[in-house]
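Quick note on labels: first sequence line is chain A, next is B, and so on, each numbered from 1. All values derive from a computational prediction rather than experimental measurement.
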2 protein chains.
Amino acid sequence: MVRKSASGRIGIADVAVKAGVSHATVSRVMNGNFTVDPEIAARVRAAAVELKYQPNPVGRSLALGKTDTIGIVVPDLANPTFQAILRGLSRAAAQDGYRVLIADSFEVSSEETILAGEARRRCDGLVLCAPRMSDAELEEIAPSLRPLVLINRTTAAAGVPSLVVDYGQGVQDIAEHLVELGHTRLAFLAGPPRSASNNLRLQGLEAFKAAHPQVEVTMLEGGSDFDTGHGAVDAVLESGATGILAFNDLVAMGLMSGLHERGLDVPGDISVTGFDDIPFARYTTPTLTTAAVPITELGEQAWHQLRALIRNEESDAPGSRYQPKLEVRASTGPAKAARTAVHG
Amino acid sequence: MVRKSASGRIGIADVAVKAGVSHATVSRVMNGNFTVDPEIAARVRAAAVELKYQPNPVGRSLALGKTDTIGIVVPDLANPTFQAILRGLSRAAAQDGYRVLIADSFEVSSEETILAGEARRRCDGLVLCAPRMSDAELEEIAPSLRPLVLINRTTAAAGVPSLVVDYGQGVQDIAEHLVELGHTRLAFLAGPPRSASNNLRLQGLEAFKAAHPQVEVTMLEGGSDFDTGHGAVDAVLESGATGILAFNDLVAMGLMSGLHERGLDVPGDISVTGFDDIPFARYTTPTLTTAAVPITELGEQAWHQLRALIRNEESDAPGSRYQPKLEVRASTGPAKAARTAVHG
DNA sequence: ATGAAAGCGCTAACAC
DNA sequence: GTGTTAGCGCTTTCAT
């Protein structure tokens, strides 16, 4: 029995009526099933075009058990790193006909769990970006979120690949670079406390300190944006360090700006380094020494991993590690005679 | 008849079985229907918790005819302007329990129509961000996309509010500022050709030229990123202009960087202005004179408009106009004695 | 107050 | 080859 669609919108039933066939046939035609008589198929297609019929994805999703949508949960959509990941992910997924649903947790780790679950139920898979939740919680919810890909975080839960940038190694490379320039007093302007990538940087610094006991490394609290860097000038000067490793490029830029306002020269008085190599980094004055992370590619790879899981294929690289690449530019230079700490 | 859910996942039927009630009752409880006996309701809730049951949003969407999701179509997710709009939109929508589905058209205007339609069918409403398509096409498809909100674009189609930034006025304010500083030869480093906001800027410049016939305004082709600005140094110098209006802050930063490399001083030799007032603008060297656009707020307002349409309420402000605010910083200064055009 | 049943729009197994 | 029918998981009349 064929009824006309009840709602206002054009449904498969309307096309069926117009073409004088059953809605099953319409469905077949719309899905390219070749067992349909060419003549009838043409009639159906004509009716569909005339009525501007487009299958309702919700009905389709319910019947097929898939949504052709993936979700991504990020701690902060304002952060350029996550924007870049989102961009890479969205572009790659789009090429395979998948859309992306975004969920911003605004750095509230308790919210993350809820958001992730909700997003996952609407989608065929999930990318969890540098989640702020604890290892225990992550491991507990991970199975229920699969297919799941982790970025900048790992978990003991099975079948959950993760893509992580080796921030630890990157920080060590930067520190080595500063030491080679003669710096013996360094300071690290840290990122958000719960950030996994910040922890990796801290671990890297520990390794560095162990290898270079003669170098003094001061730890300063921070954040991930310009203002953090700009506001850290006092603390930086107080530390007496001549080589500053900022959490990321944004922080470095804010810091350089603040130092400039104080009449200090970079790298003449102080060398500053960033992290990420965002496009801005090569246009700052001076241009910024940093560690390049192929961050958009990370988003793209996340999709490839997720796609493999969704298709139930063997993942070719279950968990990849990305090595940042040191980019030496103009914000770092030889250490000048040791500065004395400035107090106040 | 109550059957257990067929698929692997926990469904409403499983909870019904466990609680010894019909799934209708479970549905009532899950939706806070108070006609259910408190004792039974408690039993159902307990069963739901124990089974970790969460209603399937797809089934819900099909039954309710709504998805609690909105879509946003942007021409380029890499553009900070659209990122900011997305952020504002996402944050505001999340507060009302709505999620955001993104569709990036990658500046391909033919793709926009398809993407918009697809996104719309999965969502309860759509935000179309500075679409590149023609007025005719926009007007034609707009009705089928409603509830629809336009950003930086208007249409004759009925019931489609739009939020537009008055880029024309902003550009005029900047140009006036440069004239007051004594500049008589200006150049505009344009944005993407199909960009509506670029057209608005061009219109603003026409108005400016009409009001200031004595001022020479050179038009230069451009784009919307750093590289555009950086690569425009030759053209800028060739123009002989002393006051350069860059399409946006990114272009301005690229240009300043390029000028710096040539040993030219900003604003000593040339004044440079941006547009948007992205956070970076106050940290460049020199700090950037620009026109501030409350772009995140724009995304937020887009949601409020869309929400009103979805709820079928009267929109309180059917189509708002945002005035950019001139921010004078250090990248603009008095014109020095007229430079002669540099050739080659 | 609760269960049975219809229906949201679609796909797919099953008959013919 | 095509129509009939039974779901997909949920909400919501309509009976009781």
Identify whether any heavy atom of B/T25 sits under 4.0 Å from a base atom; if not, whether one sits that close to sugar-phosphate; answer base, sugar-phosphate or nothing.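 Sugar-phosphate, backbone atoms only, no base.
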Would you mind classifying the nucleic acid contact of A/Y53 as base, sugar-phosphate or nothing, using non-hydrogen atoms under 4.0 angstrom?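 Sugar-phosphate contact only - A/Y53 comes under 4.0 Å of backbone atoms but never of a base.
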With respect to the side chain of [X], which nucleotide from [options] is positioned closest?
X     : options               : result
A/L64 : C/dA5, C/dT11, D/dT2  : C/dT11
B/R28 : C/dG7, D/dC14, D/dT5  : D/dC14
A/L62 : C/dA1, D/dT2, D/dG9   : D/dG9
B/T35 : C/dA13, C/dT11, C/dT2 : C/dT2
A/V36 : D/dT2, D/dC10, C/dT11 : D/dT2

Side-chain ion pair, B/D14 and B/R9, N-O less than 4.0 Å: no
Stepwise, does the side-chain contact (heavy atoms from CB on, under 4.5 Å) test hold for A/D124 with A/D68? CA-CA 6 Å; A/D124 300 343; A/D68 292 342; 4.1 Å; yes
Nearest-angstrom distance from the residue atom [atom1] of [X] to [atom2] of [N]:
X      : N      : atom1 : atom2 : value
A/I40  : D/dG3  : CD1   : C1'   : 11 Å
A/I10  : C/dC8  : CD1   : C1'   : 16 Å
B/F34  : C/dT2  : CZ    : P     : 14 Å
B/I12  : C/dG3  : CD1   : C1'   : 13 Å
B/R43  : C/dG3  : CZ    : P     : 9 Å
A/M30  : C/dC10 : CE    : P     : 9 Å
A/R121 : D/dC10 : CZ    : P     : 10 Å
A/H23  : D/dT5  : NE2   : P     : 10 Å

Once rounded to the nearest 0.5 Å, what's the spacing between atom [atom1] of [X] and atom [atom2] of [Y]?
X      : Y      : atom1 : atom2 : answer
B/L89  : A/I102 : CG    : CD1   : 8.0 Å
A/Q301 : A/R307 : CD    : CZ    : 9.5 Å
A/Q83  : B/L77  : CD    : CG    : 8.0 Å

Begin from the C-alpha positions of B/V21 and B/I40 and carry the test side-chain contact (heavy atoms from CB on, under 4.5 Å) through to its verdict. CA-CA 8 Å; B/V21 296; B/I40 293 187; 3.8 Å; yes
OP1 or OP2 of D/dG9 sitting under 4.0 Å from any side-chain N/O of B/R60?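 No, no such contact exists.
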Does B/N56 have a side-chain nitrogen or oxygen under 4.0 Å from the phosphate oxygens OP1 or OP2 of D/dC8? no
Answer with yes or no whether B/R9 presents, from its side chain, a donor or acceptor under 3.5 Å of a partner atom in the base of D/dG9.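 Result: no qualifying N/O pair found.
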Apply side-chain contact (heavy atoms from CB on, under 4.5 Å) to B/D104 and B/F82, showing your working. CA-CA 10 Å; B/D104 188 337; B/F82 302 130; over 6 Å; no
Worked check of side-chain contact (heavy atoms from CB on, under 4.5 Å) between A/S320 and A/Q305: CA-CA 10 Å; A/S320 313; A/Q305 296 272 353; 3.8 Å; yes
Estimated bend of the helix from C/dA1-D/dT16 to C/dC16-D/dG1 (axis per five terminal pairs, rounded to 10 degrees):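 That helix gives 50° between its end axes.
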Could you pick out which residue, A/V26 or B/G20, lies toward the 5' side of DNA chain C when each is mapped onto its nearest nucleotide?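 Result: B/G20.
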